[in-house]
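Counting convention: from 1, in listed order, for ligands and their atoms alike. Since this is a predicted model, take the numbers as computed values, not measurements.
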Amino acid sequence: MKNRLITLSLYLFIAGFSTLPAAAQQLLLTNGTLLDPSDRSSIKQHLLLDHTGILARLDSIPPDFTGQQLDISGKFVIPGLIDMHTHVFGNRAPNSQSETMGPAAAAQVVLQAGVTGFVDLFGNEERLFEHRRLQRSGLIDGADIYTSLSCLTAPGGHCSQFGKTRTIANAQEAKQHIGELAAKHADVIKLVSTIGGRLPSLTPELLKTAAEEAEKHGIRTIVHIHTLADIDSAIAAGVDAITHLPDDGVISADLAQRLAANKLVVIPTLACDTDEYEFMFSNVLQSALAQKVAAERILQGYQKAASEMTPQQKEQAKQRTEKYYQSIKNLVAADVVLLTGTDAGNYGTLQGFSVHREMEKFVAAGLGNWQALASVTSAARQFLAKPTGLQPGAQASLVILHSSPIADIRNSQQIFAVVHQGKLIN
Ligand SMILES: [Zn+2]
């Protein structure tokens, strides 16, 4: 009842301004079922929105409504998807020339997959900064760009092999770089721990100093991990999230419990670690959505690679997959918050498309469909400190689906239309 009163008063508030020209830019989605992962509600209501956000949920269509109206009878509305770990380089495949996208092009491509926002965790700092500035000034379109801008690593550490990045060798440098990134409003701080790996790693002491420094600036930290020792280092440092799964073993039930107790969020990039094999040996790339977001030569590159793979390589890939799945199963059992990150830009991923694969894999590892949907919507927005859900006040970025992802998570790929900040994208 309370909800109804709020809905009604909001409608009256809006109706009071219906003669203003802004009303023409309003969009009314009628007769759809609204699936809100933030409270797991499934309600058939009309949804009124504009570029500023969701305005109201209505039980009847206002008779004097003059904005754009779209009948979505039989369809399902979910919040726009967020990719929590990507690189806007474009798609790549073995035996194929890579695509070169950059932030502006990637932001357009991923919208096709329902991804209305993404977190770029390292690329060209100046370019990312500039594109984000242009987008936030309303000068360029596309999915919302959030970014760490740079990747803070040890001198010669991971990330530095891909191009210019910021390196930290001591506490003074950690403070200086984080201060500079904070001044440029980095949305998150990315740190790298690769203890026991080939490349130099931030020490546990430096990781802690950096995490404390980021916290002083009110910016959340995401740590790229490579081994089980990195997870211990991340827990001790008090960071907010880790990304990737350890390569040297399985996250045990005990370790998963410790992650949960310390409220660490995990962005596993499971699809990135396991999909290269499936791109070659299953029908995944025949999906209409995969074909929409990647060039033909990329899809063919995987087919060609399949024919070149030895039985031994296939066996190794299967074993690696089993190891990663076991880590995810233990994380799910311990109720660790999982977020979907594709690590797109790497082999075995496609920009935008891979968030759907990540959700599918979470469900295969035991996560419920509502939780999987939350991992790519409300939980991700919560991490970014943005309003979540499908209630008035939330961002008007939505995906309209032909079928319910609560019935079958793979239905997230059955996209009828995408709405980004109140604007209907076909
Ligand atoms: Zn990455």
Side-chain angles (χ1 to χ4, degrees), residues 81-93 98-103 106-107 109-110 115 117-125 127-128 132 143 145-154 156-167 181 186-195 197-199 201-202 207 210 220-227 230-231 234 239-247 264-276 320 324 327-328 338-355 357-358 361 375-376 380 383-384:
L81 313 180
I82 309 274
D83 184 346
M84 286 297 295
H85 181 163
T86 187
H87 308 278
V88 293
F89 304 133
N91 295 313
R92 61 198 307 220
S98 296
E99 292 177 333
T100 44
M101 283 184 186
V109 168
V110 300
V115 174
F118 59 82
V119 181
D120 188 294
L121 286 183
F122 170 59
N124 180 312
E125 181 176 327
R127 208 168 168 207
L128 284 164
R132 194 189 57 173
I145 300 172
Y146 304 102
T147 177
S148 62
L149 293 168
S150 188
C151 169
L152 297 176
T153 191
H158 174 75
C159 282
S160 60
Q161 73 270 43
F162 303 119
K164 192 177 139 198
T165 193
R166 292 175 182 259
T167 62
L181 289 169
D187 298 285
V188 294
I189 293 288
K190 182 184 184 180
L191 299 157
V192 175
S193 181
T194 57
I195 298 166
R198 275 183 308 115
L199 299 173
S201 169
L202 291 179
L207 193 70
R220 301 198 110 188
T221 40
I222 299 177
V223 181
H224 163 113
I225 62 114
H226 181 58
T227 61
D230 297 322
I231 300 181
V239 303
D240 297 298
I242 57 171
T243 187
H244 301 308
L245 293 170
D247 213 25
L264 245 86
V265 166
V266 179
I267 308 167
T269 67
L270 179 64
C272 178
D273 281 324
T274 56
D275 249 359
E276 193 173 350
R320 273 166 57 88
Y324 292 127
S327 284
I328 294 282
L338 300 181
L339 303 182
T340 48
T342 60
D343 211 1
N346 280 291
Y347 290 121
T349 65
L350 296 178
Q351 301 278 344
F353 172 75
S354 291
V355 295
R357 295 289 296 158
E358 191 76 0
K361 284 165 188 273
S375 74
V376 71
F383 188 87
L384 295 170

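With salt bridges taken as basic N to acidic carboxylate O contacts below 4.0 Å, one links Asp187 and Arg132.
Distance alone, capped at 3.5 Å, places no donor-acceptor pair between the Asp273 side chain and the Leu270 backbone. Remark: the backbone N or O of Ile195 is paired with a side-chain donor or acceptor of Thr227 at under 3.5 angstrom.
Looking at residues two or more places apart in sequence or on another chain, you find a side-chain contact (heavy atoms from CB on, under 4.5 Å) between Arg166 and Glu125, Ser150, Leu152, His177, Glu180, Leu181, Lys184.
Shown here for Ser148 and Phe122, the closest heavy-atom pair between the two residues is OG-N, 3.8 Å. Considering every non-hydrogen atom in both Thr349 and Asn91, the closest pair reads O-OD1, 4.0 Å.
The tally of protein N/O/S atoms under 2.8 Å from the Zn ion (ligand 1) stands at 3.
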